[in-house]
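Model, not experiment: these values are computed from the prediction.
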Amino acid sequence: MHKPNRLFLYTLPFWGLSLSAQQSSIYTNELRDFDRAVTLYNDKQYQAAQILFEKTKTENREMEVQADCAYYIANCAIRLDQMNADELMENFVEDYPTSTKQNQAYVEVAGYYFSQGKYPQALEWYDKVDESNMSVTDRDRYNFQKGYSYFSAGDKKQADKYLNKVINSKEYGSQAKYYLGFMSYESDDYKKANQLFEQVEDKDKYKEKMSYFQADMNFKLGNFQKAIDLGVPQLPKSDANEKSELNKIIGESYFNLGKYDKAIPYLKEYHGKKGKWNNTDFYQLGYAYYKQGDYENAITQFNKIIEGNDFVAQNAYYHLGESYLKTGKKQQALNAFKNASEMEYDVKIQEDAYLNYAKLSYEIGNPYQSVPEVLGSFLQKYPATPFKQEVQTLLINSYITSKNYKEALALLEKDKSAVNKPAYQKVTFYRGLELFTDGNYQEAMAMFKKSIAEPRDAKITARATYWKAETEYVLDGFNEALISYKQFGGSVKAKNTPEYKNYSYNLAYTYFKLKEYENAAKYFQEYVSSAAAKGDAVRLNDAYLRLGDSNFVTAKYWPAMEAYNKAIEMKGIDADYAFFQKGISYGFVARNEKKIEDLTKFVSTYPKSKYADDALYEIGNTYVTEKQTEKAIAAYDRLINEYKGSSYTAKAIMRQALIYYNAEKDEQALVKFKKVVAEFPNTPEAMEAVSTARNIYVDNGRTDEYAAWVKTLGFVDVSDADLDNTAFEAAEKQYLQNNTKQAISTLSSYVAKFPNGISALKANFYLAQSYYADGLETNSIPHYEFVISKSRSEFTEQALARLSQIHLKKNDCAKAVPVLKRLETEADFPQNVTFAQSNLMKCCYDQQDYANAVVYADKVLANNKTEDRVKSDAQIIVARSAIKTNNEPKAREAYAKLQTIAKGELAAEALYYDSYFKNKDGKYEASNTAVQKLSKDYSGYKYFGAKGLVVMAKNFYGLKDSFQATYILESVIKNFASYADVVAEAQKELDVIKAEEAKRNSSIQN
């Protein structure tokens, strides 16, 4: 309703009674002061007059004079606004009840208050007046003034009563009709108001003011053109508030007539109620812009409706969505249509908005719910929609394009109709890939099997078979993997898949794992000869290495060396290994001189290689074979001195001892044997050293000396040696035959009887392995710990790896870290070093040791052979550590690198931070693009999707789009309650935006 903020009132004359001195018939000098007082009173010099009246009243004893003085004194008090004015007048009435001025006093006081605009006080005195004791003229004046006083006091009923008494008065009739008309206008009785206004419209002083009311009334009666005709001429004559209201009346009238171009300038000039626009105001101006094709301005107005939930808001959101579509802003359009589709005020608009929301969800992705769910819900709600076929087609396609395979699968499991079978096969396949990437191999296997079981698309079937083989391989099911790889290779569509390029390589590795080396060599050769291998240097390099190994194991040394040479030429990963293996191979083709030459060159070229100690040991052994014992001893010495932690140290010393023993240099031999026993007790070498030393002592008749020495050795009990060996031999047999239960029983018995027995080290290792294989990992711990507590042996590295695995599985980083640190420094196999470093990285991060977490992550990343999955873990550790330590530049760099290699949830996290940093840089559009990609390609990862939406809201607010910002934040709060931290952040941002919007919308709208 358009009503003015103030009433249009006119200056009303004060029709007080003329006052003259009431003199006695006999004029006396005593009344001169009274006459002077009356003169002063008529001249409005009330203070001076009051003083003279009080003097006269005191001095004159005439009752009539005293009454007149009391009357004037009270009137002066009223006009001087004295505290006791009403009391003086009451006293006058009480003290002089027969005075002729009593009724006149009430009228005059009421009239005075009326002239001062003090209508409540006026009414108090009017109520005392005796109407019957008044003339017709005084009565008209009395009725009008009393009616107007009630009007001003808001008592319309009483005002109507008194004003109607003078409606036909010549003097007061026009005024009475005006105010009666105004009261009818305010009561929405426009017919009566018009009748009354028309009766006074010939009066110029009312005509201008009535134009506003008549314009408003015609607008409300639907007479829009007449409202315009009355309102436009009135605009230049109106004050600021009237102009605002008239602009609204004229603008909305043009709007209702469909003349939107003419409506816009008037609607813009409206200033709102108390300076604030409501949703209807924003909608009308926005819709007018929309109808003119000015979509940017339409968007600006529509998106100010941030809390609407009514018919107007639904219309606004719908047309906001259309405006966004017209300007190519599809994400914003999606949000607007979603909002309109959730309101039920206009069901046709609701359905159309829902359809647009569903189509846009398919096209650009949906961060709130899966696209299949949106499309399916639309079909469920509107089964008779004329767009049913189109939406069904989109639904099927969305299962793939949305990449939200988890939720898509849930929907497909509920509807296994024939039309959905192709989609089901694809979704189970891609869901399997997701699970495989995340390391959930058992669940991935189940998905691949389901996909294969629905052979609707031969290409998908082939790919699912390939990844089933990959999963079986990872789970150490090499026989099963071999069958699956062959099934893949036999598929007619296999060559059309992206997986086929690595088929020969993976098949070869499977044969390699099964120790079928000839077949492995065949397929490694097939792979290195393929075109695919040329574009993958890392895999090609590895294939040459394994080709060499396969030929080496099958004694095809010349082909092996050829393959190793190819790997060496590539100068890639494990070039040192190829060099070493090539040198070793010469020994098997009776080229010991070349073997020594190549291995010597190897040690010089790769002094820090894991195989340097192996090479020196082999050099020494080869010199022994060539009977160059001095050179052999020198080679062993170099190994012992330069590689003190080597697992070959004990063997090298033992070899030296045997050289001396065979040369009958018994004392030198004994020194070496005793060195082995002292430095490597309880090892097979120590046992052999004791046994061989015994022969020397026996041969030299020094058995007492031998007995004395042996008694000092805690791990040798000569009397029980035969029993010891017999017991271990029986236990070992069960272990080697993979009879796990029996092995555990016999090995446990051996360890209990011979805790420091000859084979205690090997027995503890075998027992630990047996427990581990039987799933009794906790039982294996003390036995692995026994192994790693002894001097380094052939079992140390495996024991360290297994023990660390067990602790990690129990999430016990405190126990895992020291074991992993030893594994990192002592391991010979590169994969164990990588395993140790990657898990040290994770443990340090979990223990909030971010600095060391980054150190280990950098080590992992520096290894070119590290798998992408592990590199992703390393990059995420670097990135998260940087975030935790507020090192934003490093975090940016790490997340950027992570984006290039990550898959699954890590890719979602990297993409979220890409949007996060772009928002911080003020690149709002680019940040939104990243969030859209996150919601489209990684919608299954709801946590980062929700966080991305908060960033998107910040972007939109940065782009001055408060509707989008507000709507997105409210959606996050509504839809992601399980993520308390995200909801809290969204609420905080929403509070800020609403506070700012409240300030803005309360200002004058232009």
Side-chain angles (χ1 to χ4, degrees), residues 1-3 5 216 219-220 244-245 247-256 258 260 263-292 294-324 329 332-350 352-353 356-357 953 956-957 960-971 973-974 990-1006:
M1 184 181 291
H2 304 287
K3 297 181 180 177
N5 291 331
D216 187 36
F219 170 78
K220 289 168 182 171
S244 172
E245 294 292 334
N247 274 306
K248 181 63 172 173
I249 291 168
I250 297 165
E252 200 166 335
S253 294
Y254 276 128
F255 180 93
N256 290 328
Y260 302 108
I264 289 171
Y266 292 102
L267 292 174
K268 286 171 64 179
E269 292 301 316
Y270 176 55
H271 294 164
K273 297 295 183 186
K274 297 182 180 179
K276 187 174 182 178
W277 279 28
N278 60 33
N279 288 345
T280 302
D281 302 330
F282 289 125
Y283 171 74
Q284 288 176 341
L285 181 55
Y287 189 79
Y289 279 127
Y290 169 82
K291 294 297 286 184
Q292 289 299 107
D294 186 350
Y295 301 114
E296 291 293 350
N297 272 321
I299 288 168
T300 299
Q301 298 306 318
F302 286 141
N303 74 19
K304 292 175 183 176
I305 303 174
I306 61 174
E307 290 186 324
N309 190 4
D310 52 24
F311 176 82
V312 171
Q314 186 184 27
N315 271 272
Y317 293 142
Y318 178 79
H319 289 106
L320 175 60
E322 290 203 317
S323 298
Y324 276 130
K329 298 175 180 177
Q332 295 92 317
L334 181 141
N335 290 333
F337 284 129
K338 181 176 187 293
N339 213 10
S341 73
E342 292 169 347
M343 298 181 180
E344 300 178 347
Y345 302 101
D346 185 319
V347 292
K348 185 67 184 81
I349 286 178
Q350 183 184 27
D352 201 37
N356 280 303
Y357 171 58
F956 279 126
Y957 199 62
K960 312 299 183 188
D961 193 338
S962 56
F963 162 75
Q964 293 296 327
T966 304
Y967 179 73
I968 290 170
L969 291 170
E970 288 176 341
S971 296
I973 294 166
K974 178 181 177 182
L990 183 61
D991 292 342
V992 170
I993 291 173
K994 285 190 174 181
E996 290 299 316
E997 287 301 294
K999 292 178 188 175
R1000 186 187 70 176
N1001 289 347
S1002 65
S1003 63
I1004 299 300
Q1005 302 294 326
N1006 288 312

Please tell me whether Q314 and Q350 have a donor and an acceptor in their side chains that are separated by less than 3.5 angstrom.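 No, no side-chain donor-acceptor pair sits under 3.5 Å.
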Excluding sequence neighbours, so at least two apart, what forms ring-ring contact (aromatic ring centres under 6.0 Å, His included) with Y287?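 Result, ring-ring contact (aromatic ring centres under 6.0 Å, His included) vs Y287: F255, Y260, Y283, Y290, H319.
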In chain order, what residues pass the ring-ring contact (aromatic ring centres under 6.0 Å, His included) check against Y318, with sequence neighbours excluded?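 Partners of Y318 under the ring-ring contact (aromatic ring centres under 6.0 Å, His included) test: F337.
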Looking only at heavy atoms, which two atoms of [X] and [Y] are closest? And how far apart?
X	Y	value
A298	G286	CB-O, 3.4 Å
T300	K304	O-CG, 3.3 Å
L990	L969	N-CD1, 3.6 Å
A353	S341	CB-N, 3.8 Å
A953	A965	O-CB, 3.3 Å
Y270	W277	O-NE1, 2.9 Å

Roughly how far apart are [X] [atom1] and [Y] [atom2], rounded to 0.5 Å?
X	Y	atom1	atom2	answer
D310	N279	CG	CG	6.0 Å
Y324	Q332	OH	CD	5.5 Å
N297	F302	CG	CZ	11.0 Å
L267	N247	CG	CG	8.5 Å
N335	I968	CG	CD1	4.5 Å
T966	E970	OG1	CD	6.0 Å

So, does [X] use its side chain to make a donor-acceptor pair with the main chain of [Y] at under 3.5 Å?
X	Y	value
N256	E252	yes
S244	H271	yes
Y345	N315	no

Answer yes when D281 and K248 have at least one side-chain N-carboxylate O distance shorter than 4.0 Å, and no when they do not.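 Looking at D281 and K248, the cut-off is met.
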